[in-house]
Amino acid sequence: EYVSKNKLSAGLAFDGDADRCLAVDENGNLVDGDFLIAICANDMMKNGKLKKNTAVGTVMTNMGFSKFCEANGIDFVSTKVGDRYVLSMLQNGYNIGGEQSGHIIFLDHSTTGDGELSGAMLLSIMKRTGEKLSDLAKIMERLPQVLINVKVSREGKLSFYTDREIKAEIERVSEILGDRGRILVVSNTEHVPSAIWLEGRHGCRTKHQSAVKNLKISYAILLSIVEAVLGDVFRSLFLVGHAQKFKALVTRVKASEQFR
């Protein structure tokens with residue numbers, strides 16, 4: 001609001017130790033870490049500075065970023081979530097990588113995330129090209145994403161990877177979504193015990209409705225989560241009422257002994 005109200009070119013925001021940077025364009029729209037990496041990687045490629053023509057992200061990098069890479073001839077390498085994994089991957093001869101949160105490593109200049117450096121890189125590109133940030137951000141389309149955190153027991157965590165029904169249903173949903181969406185189950189990450197992540201394009205109503213209707217896994221936990229997530233992500237495609245499903249989901253998760 002401050003940026004657009006005062007007709008500024010852009011705004012930068014940093015976390016407490018300034019190792020992360022997010023931006024807003026002249027209209028006040030968020031430009032997150034995925035967009036920043038896309039803008040910088042594209043500029044580096046055009047200037048012959050993108051090593052091995054590759055950008056590094058994580059499994060939670062927006063699917064739109066990989067689409068951007070495909071469209072612009074850039075290879076995308078994915079790692080586990082966490083800056084240490086990004087840095088480890090960069091050691092293979094790459095020089096830019098990071099996370100949606102705005103933690104970006106420019107290995108030619110630093111071995112860790114530096115929000116001020118990221119901001120300077122972005123502003124430098126804007127100054128050199130004369131383009132507005134909103135125009136630079138058009139290089140990538142952000143697909144809707146929703147992350148649902150679920151507290152589980154140690155035994156429950158193992159079930160996400162070993163339970164045949166869960167694995168089968170995740171594979172089935174992945175096939176239904178095809179290249180227009182994805183479902184990702186993450187267990188024992190740095191920040192949350194377990195998480196279910198869903199993203200996809202708008203306009204694929206039939207496929208996503210089919211995915212919801214066909215989910216019937218053990219514990220019924222993934223079914224409820226995916227239904228709630230799909231209802232949130234594709235709000236314009238479904239009738240109002242998913243808020244109640246989400247509340248019911250929370251109640252069921254808290255009441256479940258295995259997922260307590």
Side-chain angles (χ1 to χ4, degrees), residues 13-15 17-23 30-42 44-45 50-72 74-115 117-119 121-122 137 139-150 157 160-161 170 174 177 179-201 225 229 233:
F14 309 98
D15 63 345
D17 57 0
D19 67 344
R20 302 172 191 269
C21 174
L22 296 178
L30 175 66
V31 180
D32 64 24
D34 289 341
F35 280 94
L36 296 180
I37 298 172
I39 292 170
C40 292
N42 186 61
M44 292 166 68
M45 180 188 67
L50 184 61
K51 292 183 178 180
K52 293 190 175 182
N53 217 40
T54 299
V56 177
T58 74
V59 292
M60 290 189 173
T61 294
N62 192 273
M63 189 176 176
F65 184 86
S66 61
K67 298 295 183 183
F68 145 76
C69 288
E70 292 175 9
N72 291 275
I74 295 176
D75 293 326
F76 172 57
V77 178
S78 176
T79 74
K80 295 180 180 180
V81 177
D83 57 295
R84 71 175 184 270
Y85 296 114
V86 173
L87 178 59
S88 177
M89 182 61 72
L90 288 172
Q91 303 298 328
N92 292 315
Y94 311 129
N95 60 344
I96 183 174
E99 302 176 274
Q100 191 178 96
S101 63
H103 192 284
I104 304 172
I105 300 176
F106 293 89
L107 200 57
D108 292 337
H109 306 282
S110 175
T111 57
T112 187
D114 186 330
L117 174 61
S118 299
M121 289 291 195
L122 177 65
I139 194 170
M140 177 188 137
E141 175 192 3
R142 185 183 188 282
L143 302 187
Q145 290 179 318
V146 172
L147 174 66
I148 300 294
N149 295 331
V150 183
K157 287 182 183 180
F160 279 102
Y161 295 111
I170 290 175
S174 296
L177 298 178
D179 62 356
R180 303 186 69 183
R182 63 169 178 157
I183 181 171
L184 176 67
V185 177
V186 181
S187 180
N188 197 30
T189 66
E190 289 185 345
H191 306 295
V192 295
S194 293
I196 294 182
W197 182 269
L198 194 83
E199 67 181 336
R201 291 185 180 278
I225 292 176
V229 170
V233 175

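As the structure is a computational prediction, the values presented were derived from the model and not from experiment. In what follows, residues are counted from 1 in the order of the sequence shown.
Side-chain atoms of M140 and N62, non-hydrogen and from C-beta on, do get closer than 4.5 Å to each other. Under the 4.5 Å side-chain criterion, counting only non-hydrogen atoms from C-beta, D19 is not in contact with T112. Taking the side chain as every heavy atom from C-beta outward, I105 and T111 never approach each other to under 4.5 Å. Within the 4.5 Å cutoff, the side chain of L117 has heavy atoms near those of the S110 side chain. When side chains are defined from C-beta on, M121 does not count as touching L36, because their heavy atoms never get closer than 4.5 Å. Residues D114 and H109 form no side-chain contact, since every pair of their non-hydrogen atoms from C-beta on lies 4.5 Å or further apart.
Taking OG1 from T79 and CE from M89, the interatomic distance works out to 6.0 Å, rounded to the nearest 0.5 Å. Separation of atoms CD (E99) and OG1 (T61) is listed at 7.5 Å; rounding is to 0.5 Å. To the nearest 0.5 Å, atoms CG (L90) and OG1 (T54) are separated by 10.5 Å. Going from atom CD1 of I74 over to atom CD1 of I37 covers 11.5 Å, rounded to the nearest 0.5 Å.
The nearest pair of heavy atoms linking C69 to F76 is SG-CB, 3.9 Å. Closest of all the heavy-atom pairs between N72 and I139 is ND2-CG1, 4.4 Å. Heavy atoms only, all atoms of each residue included: A137 and F35 are closest at O-CE2, 3.3 Å. Shown here for D15 and R20, the closest heavy-atom pair between the two residues is OD1-N, 3.3 Å. Smallest separation of non-hydrogen atoms from D108 and K51: OD1-NZ, 3.3 Å. Among all heavy-atom pairs drawn from G115 and C21, the shortest one is O-CB, 3.4 Å.
With hydrogens and angles ignored, the 3.5 Å screen pairs a side-chain donor or acceptor of K52 with a backbone N or O of N92.
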